[in-house]
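A short write-up of the structure that comes next.
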2 protein chains.
Amino acid sequence: MKSDEIKEAALKFFTIHGYEGASLSQIAEDVGMKKQSIYAHFKGKDDLFLQVLHDAKETELSSKLEYFSSIDSSHPEKDLYGFLQLVIDLFQKNEQLKFWLRISFFPPAHLQKDIDMEVIDIEEKVQGILENKFQEWMDAKLIIAPSAKIPTYAFLGVVDSILIELVYGNDEHRLLEKLNASWRVFWRGISHH
Amino acid sequence: MKSDEIKEAALKFFTIHGYEGASLSQIAEDVGMKKQSIYAHFKGKDDLFLQVLHDAKETELSSKLEYFSSIDSSHPEKDLYGFLQLVIDLFQKNEQLKFWLRISFFPPAHLQKDIDMEVIDIEEKVQGILENKFQEWMDAKLIIAPSAKIPTYAFLGVVDSILIELVYGNDEHRLLEKLNASWRVFWRGISHH
DNA sequence: AGATAACTGACGAACGTTCGTTAAAGAGGT
DNA sequence: ACCTCTTTAACGAACGTTCGTCAGTTATCT
């Protein structure tokens with residue numbers, strides 16, 4: 001399908017240069033066609049962008065949901081650290097998460113509404129799942145916390161900090177050191193010892 | 001000074017729309033002049049951008065350095081939490097930190113070199129200071145950690161996660177909850193108890 | 001099977017608009 | 001008169017978008 005090729009190229013340039021910085025001629029040239037031909041597949045730049053956005057959202061959401069349904073949920077230390085590694089993995093081998101990060105941080109103003117909806121949707125779902133897991137682990141005395149919300153937010157914070165390091169992306173060694181440090185302090189912060 | 005007004009407007013639009021999305025005519029109109037007049041004060045868009053960048057960097061760096069030299073360094077819990085509040089404060093009442101965040105995350109490709117230099121400079125200085133502080137606190141048995149690097153990186157992670165929440169910026173309540181959660185878990189992670 | 005009609009995808013050309021930039025002319029203050 | 005700043009005017013280039021066209025494929029009907 002040609003429209004998939006276009007979306008693939010669009011994803012690349014939107015990720016590198018942002019919405020305003022990416023041009024249809026660039027994208028078309030990358031596919032091997034003229035920019036006018038894009039209009040045979042998409043209604044315009046906004047339509048192309050929103051479809052790329054939707055695909056990226058689906059990929060990210062399903063990846064995370066799949067992870068949570070694959071774990072047995074009885075080993076928080078392994079399960080949580082595994083999630084951090086999943087995020088790193090997704091980011092490094094999947095262009096879509098980079099795109100997702102960029103445009104959720106700094107959306108083009110005239111599409112903010114559409115983007116926010118998708119962002120909030122993922123956010124709520126992941127947060128809900130995490131909160132349930134933490135509650136189970138607290139009930140099973142596997143971790144210690146004043147309420148399930150605390151470790152949930154704190155863990156989401158660790159995820160965010162890893163994402164920032166991935167966005168900077170210049171230093172693999174530094175990434176692993178920050179992952180290690182954040183994880184160790186976080187785990188000590190919620191575990192018995 | 002008129003060039004300050006121009007930089008102020010430029011800062012605003014660069015922050016909202018990014019480098020590519022901000023136009024000189026927008027900026028000029030905001031100041032109340034024609035875009036061509038900008039060239040009496042700056043060599044061009046890049047020059048304007050880089051000067052705004054430099055100012056933002058100076059502001060952010062000096063704010064943080066000033067904070068570290070103002071604390072007495074004997075109460076890590078207060079000093080560290082105070083730094084988090086400083087970051088929130090800077091972000092909320094200072095346009096320059098928002099600008100700094102956006103362009104350090106996603107710099108315009110042709111200026112990446114110049115930007116990276118400034119970013120790394122701040123990063124190294126703040127990290128160096130923090131590492132020294134943590135070492136002192138470890139020596140004084142005020143906190144516990146395997147090495148000074150661990151709490152340093154972990155704390156920088158907490159800062160980053162707060163910054164992300166500030167970038168999303170839609171929910172003050174959520175920000176405070178994430179701050180509270182990340183901080184509590186972090187502090188439990190490095191303190192005796 | 002063969003002719004005809006409809007659809008698909010890509011194209012060159014051009015639209016109006018905006019971009020960053022340069023040059024020359026005019027205004028204001030010292 | 002000189003310098004600083006602003007304006008008007010104009011530039012080539014690029015932007016997203018629309019148009020008409022045309023080759024190639026697919027579907028329909030006799």
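Proteins get letters first, then strands, A, B, ... in listed order; numbering begins at 1 in each.
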Give the nucleotide from the list C:dC19, D:dT18, C:dC11 with an atom nearest to the side chain of A:S37.
-> C:dC11
A:A145 backbone acceptor or donor facing B:R188 side chain under 3.5 Å | no
When rounded to whole Å, the NZ to C1' distance for the pair A:K45 and D:dT18 reads 17 Å
For A:E20 and D:dG16, give me the distance from atom CD to atom P, rounded to whole Å.
-> 11 Å
Could you check whether A:K2 gets within reach of a base, just the sugar-phosphate, or nothing at all, counting any heavy atom under 4.0 Å?
-> sugar-phosphate
Between A:Y19 and the options A:F99, A:F106, A:F13, A:F49, the ring pair (Phe, Tyr, Trp, His ring centres under 6.0 Å) test singles out A:F49
Would you kindly give the NE2-to-C1' distance between B:H110 and C:dC19, to the nearest whole Å?
-> 13 Å
Is the phosphate of D:dT6, meaning OP1 or OP2, less than 4.0 Å from a side-chain N or O of B:H41?
-> yes
What pair of heavy atoms forms the shortest contact from A:F14 to A:R102, and how long is it?
-> O-CD, 3.9 Å
Rounded to the nearest Å, what distance is computed from the CD1 atom of residue A:I38 to the C1' atom of nucleotide D:dC15?
-> 13 Å
Could you check how far OH of A:Y39 sits from P of C:dA13, rounded to whole Å?
-> 19 Å
A:H110 and B:H17 aromatic centres sub-6.0 Å | no
From the list C:dT21, D:dT6, D:dG16, which nucleotide is the closest neighbour of the side chain of A:K35?
-> D:dG16
Do the charged groups of A:E8 and A:K12 touch, with an N to O distance under 4.0 Å?
-> no
With a 3.5 Å cut-off and just heavy-atom distances, do the side chain of A:K34 and the base of C:dG12 make a donor-acceptor pair?
-> no
Would you find more than 12 non-hydrogen atoms of other residues, nucleotides or ligands less than 6.0 Å from A:E29 atom CD?
-> no
Rounded to the nearest Å, what distance is computed from the CD1 atom of residue A:I6 to the C1' atom of nucleotide C:dA10?
-> 10 Å
Length of the CD-C1' vector between A:E5 and C:dA10, whole Å | 13 Å
Spacing of A:F13 atom CZ relative to D:dG16 atom P, expressed in whole Å | 12 Å
Which residues in residues 21-31 of chain B have at least one heavy atom lying under 4.0 Å from any atom of DNA chain C?
-> B:A22, B:S23, B:L24, B:S25
Over 60° means perpendicular and under 30° means parallel, so classify the ring planes of B:F83 and B:Y67, tilted if in between.
-> tilted
